Undergrad: 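Quick one: this structure, given as structure tokens, is what I'll be asking you about.
On a predicted model such as this, the values are computed, not experimentally measured, just so you know. Quick note on labels: first sequence line is chain A, next is B, and so on, each numbered from 1.
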There are 2 protein chains.
Amino acid sequence: MTMTIPPKDRGNRRASLADVARLAGVDTSTASRVLNADRNHRMRPETRERVTEAAKTLGYSPNPLARALRTARSFSLGIAVPQLVSPVFEQIIAGAQAAARERGYGLLIAHVPENGAEAFEQLTAANRVDGLLAASLDDDKALGPALENTGVPFVVLNRKAAGITNCIVLDTRAAAYLAVQHLTALGHRRIAHLAGRAGGYNANDRLAGYQDALAAAGIAMDPPLIQNAGYTVEGGAAAMQAILARSDRPPTAVFAATLLSAAGAMSTLRDAGLDVPKDVSIISLHDGILAEVMNPALTTVRLPAREMGYEGTTALIDLIDGRRDNVARVLDQNELVIRRSTAPPRG
Amino acid sequence: MTMTIPPKDRGNRRASLADVARLAGVDTSTASRVLNADRNHRMRPETRERVTEAAKTLGYSPNPLARALRTARSFSLGIAVPQLVSPVFEQIIAGAQAAARERGYGLLIAHVPENGAEAFEQLTAANRVDGLLAASLDDDKALGPALENTGVPFVVLNRKAAGITNCIVLDTRAAAYLAVQHLTALGHRRIAHLAGRAGGYNANDRLAGYQDALAAAGIAMDPPLIQNAGYTVEGGAAAMQAILARSDRPPTAVFAATLLSAAGAMSTLRDAGLDVPKDVSIISLHDGILAEVMNPALTTVRLPAREMGYEGTTALIDLIDGRRDNVARVLDQNELVIRRSTAPPRG
DNA sequence: TTGAAAGCGCTAACAA
DNA sequence: TTGTTAGCGCTTTCAA
């Protein structure tokens, strides 16, 4: 009967490869080869057996630090997000997390409020990640150089920035088109747009999609109906107020950049005594639990944010492994999710 | 004039301590001491100067992997959460993230659907974190042993489990009391409870707080008004239906375990033609953006979930550093956030 | 005050 | 098929 030594009894130190090798009566290199199932070497079954057995007995698991030091690969990835608590970033992270896990990578989440150079540098320097995912909010000129400077492969999510070749983006323009088209198909002609921040990459795309759909329906664009609202509840509420204040004839529909601004707009409309969707329809980009929970439940266009995180991570790992040398994908599986906040205009 | 060599020109390899030492004309040990500002050694100002200068020239930053291997400290922490997309876990993670960052630690997020032993083991083994935060959802008998088995310090969040001494929990019972007391103070006497999952640690506390508040108001508990609802929108909706179906006289108020189940309940009530808050008031535990966005905006009791993440992480680091040897805290800064979903009962 | 030397745990030539 | 050797980049005695 074998005397099984519990792993932790060994002086409270985890078993090392040397321990395994000693117990198996082989050299550490041999043990390493066995345990890594080295395909180039053929070893005696009996040796393999002894090493495997010893490893099991000792509860051996390799020290990834040592391995990383030696191989210059840490098998961990960093993802930089500007906010943690946000419907979109949540989804991106969840997707990245899943992909990393599947491929045997760890994921380090960095909360990078302003995406300055230091932040990325810190992420790589402090943790030696093998690669970086950057999901930025603002249109940052410094993003490219900052990322280049880290010296590790990276993929930018949801943004095309000058000089950045590796990115995965959503087809925001098509999504905006889909949203506004839904509205025009319902018969709306006075459609307000709660834009994000002025000048941002996605802001332009949303606006373009909005215009496309308007044009397709033969509707002339009416600038006073467009208002920057940022990406928050408060911003949405304020922007909606501004639009209402601006004209005596309120729009019959609103196309918002995000769930959050749509929520803000909804409460403003409610406060103004306007019924959603009877008086005003609302639709927004991005789907999430928030949309289900609103009253009335929000009609949205679901963009593949989770998929973006997933695909971006997969692509990044391919980049790291040298299986490809660039990434440029547009994810376009947008989907109209019709709920209760949109209806034909009154009258 | 000094010939400044750009960091990246060096064969595309980051500068190592040896490079710095060489350039400064000193030994690596000396360079190490200077760069680490070793207090035990006094070095010539000139030497210090030369080393510092060399490090700057080379753009040196230490390789944390090597350092971790040598010192057996990785300066990274792991946090295991059962779900990423959830109002509560979001807050916990955000708090943990902030604390880790402040203390110079990285935070590795692990999505651990079922908190089996392998999951934690994987987290530690695969990444050699210095400590572990575990925020589990279910009442898991295996949690304690699984964590013990990893061999690193850990803190359990939001749960007291058998044999686990290090934990930070919320005062759920007091929060439940606060919520239900708000309802009784408004004059409600038929108050339903959308419980979480049966038998869980927090489920019992919520129930106890509910009973306490009922008793304090001289109200007898009515079992048919209590229904397990889990922690999802669907669960909340279904539970609310069950309660309505069960009695001819619906409750005038509902106390839900979470935002999500409250949202589900609200939509069920709406579908049943019941107005919130005129016919039925709703209050839930935990606050978040969801609550603001619901219509009517949800009255909640805010529990310090973010603080729990923050405090748990701080405590964990103290544990790792040996500055303390146990953690047991109850965070009790609950706060009633009155919005529009609660009102006096009709009539 | 500084340097020499050892070693954390692992992998990868190279040699046998 | 296995072992020897070297070294990833760093810290830390110990000796000078």
Side-chain angles (χ1 to χ4, degrees), chain A residues 10-52 54-55 58-75 124-128 130 151, chain B residues 10-52 54-55 58-75 124-128 130 151:
Chain A
R10 309 192 57 275
N12 222 1
R13 193 173 58 78
R14 294 181 84 115
S16 73
L17 189 58
D19 296 325
V20 174
R22 200 172 306 120
L23 182 58
V26 298
D27 188 81
T28 57
S29 54
T30 303
S32 171
R33 282 189 291 255
V34 170
L35 265 13
N36 290 328
D38 191 329
R39 303 292 293 128
N40 294 343
H41 277 266
R42 215 153 292 295
M43 33 251 178
R44 270 222 317 282
E46 198 218 301
T47 309
R48 179 195 306 274
E49 174 71 21
R50 277 218 315 284
V51 172
T52 316
L58 262 24
Y60 171 75
S61 74
N63 181 331
L65 257 29
R67 180 179 276 171
L69 181 60
R70 178 65 232 237
T71 60
R73 297 274 260 99
S74 69
F75 289 97
T124 39
N127 298 291
R128 282 299 148 95
D130 291 337
Chain B
R10 309 193 56 275
N12 220 0
R13 191 172 60 80
R14 296 180 85 113
S16 74
L17 188 59
D19 297 325
V20 174
R22 201 173 306 121
L23 181 56
V26 299
D27 188 81
T28 56
S29 53
T30 303
S32 171
R33 281 190 289 255
V34 170
L35 265 13
N36 290 329
D38 192 328
R39 305 290 293 127
N40 294 343
H41 276 264
R42 213 152 294 295
M43 31 249 178
R44 272 225 313 284
E46 198 219 300
T47 309
R48 179 195 305 274
E49 174 72 21
R50 278 218 313 285
V51 171
T52 317
L58 263 23
Y60 171 74
S61 73
N63 182 331
L65 255 31
R67 182 177 274 170
L69 182 59
R70 178 63 231 236
T71 61
R73 297 274 260 102
S74 69
F75 288 96
T124 37
N127 299 291
R128 281 297 149 101
D130 291 337

Undergrad: Do nucleotides 8-16 of chain D as a string where each nucleotide becomes B, S or -: B if the base has a protein heavy atom under 4.0 Å, S if just the sugar-phosphate does, - if no protein is that close.
TA: BBBBBB---
Undergrad: In degrees rounded to 10°, what angle is found between the helical axes fit to the five outermost pairs at each end of the helix from C:dT1-D:dA16 to C:dA16-D:dT1?
TA: 40°
Undergrad: A:R70: which residues meet the salt bridge (Lys or Arg N to Asp or Glu O under 4.0 Å) condition with it, sequence neighbours left out?
TA: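 Per chain and number, A:R70 pairs via salt bridge (Lys or Arg N to Asp or Glu O under 4.0 Å) with no residue.
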Undergrad: In chain order, what residues pass the side-chain hydrogen bond (donor to acceptor under 3.5 Å, both in side chains) check against A:R67, with sequence neighbours excluded?
TA: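 Partners of A:R67 under the side-chain hydrogen bond (donor to acceptor under 3.5 Å, both in side chains) test: A:N36.
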Undergrad: For B:L17 versus B:Y60, what's the shortest heavy-atom pair and its separation?
TA: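 The pair with the smallest heavy-atom distance is N-CE1, 3.4 Å.
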Undergrad: Taking side-chain hydrogen bond (donor to acceptor under 3.5 Å, both in side chains) as the test, write out the residues that go with B:R44, two or more places apart.
TA: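 Applying side-chain hydrogen bond (donor to acceptor under 3.5 Å, both in side chains) to B:R44 gives none.
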Undergrad: Taking side-chain hydrogen bond (donor to acceptor under 3.5 Å, both in side chains) as the definition, give me every residue that meets it alongside A:T28, ordered by chain and number, with sequence neighbours left out.
TA: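 So A:T28 forms no side-chain hydrogen bond (donor to acceptor under 3.5 Å, both in side chains) with any residue.
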Undergrad: Using side chain to side chain contact (heavy atoms under 4.5 Å, CB included) as the criterion, list what pairs up with B:A24, not counting sequence neighbours.
TA: B:V26, B:R50, B:V51, B:A54
Undergrad: Heavy atoms only: give me the nearest A:A72-A:D130 pair and the separation to one decimal.
TA: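 Minimum heavy-atom separation between A:A72 and A:D130: O-OD1, 4.4 Å.
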Undergrad: Walk along DNA chain C from 5' to 3' and tell me the first and last nucleotide with an atom closer than 4.0 Å to a non-hydrogen atom of chain B.
TA: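 Contacts span C:dT1 to C:dG9, reading 5' to 3'.
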Undergrad: Under the rule for side chain to side chain contact (heavy atoms under 4.5 Å, CB included), what residues qualify as partners of A:A68, not counting sequence neighbours?
TA: A:S74, B:L65
Undergrad: Could you pull out all residues at least two apart from A:R48 that satisfy salt bridge (Lys or Arg N to Asp or Glu O under 4.0 Å)?
TA: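 A:R48 satisfies salt bridge (Lys or Arg N to Asp or Glu O under 4.0 Å) with no other residue.
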Undergrad: Suppose we screen for side-chain hydrogen bond (donor to acceptor under 3.5 Å, both in side chains). Which residues come up paired with B:T47, at least two apart in sequence or across chains?
TA: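 Scan of B:T47 (side-chain hydrogen bond (donor to acceptor under 3.5 Å, both in side chains), adjacent residues dropped) gives none.
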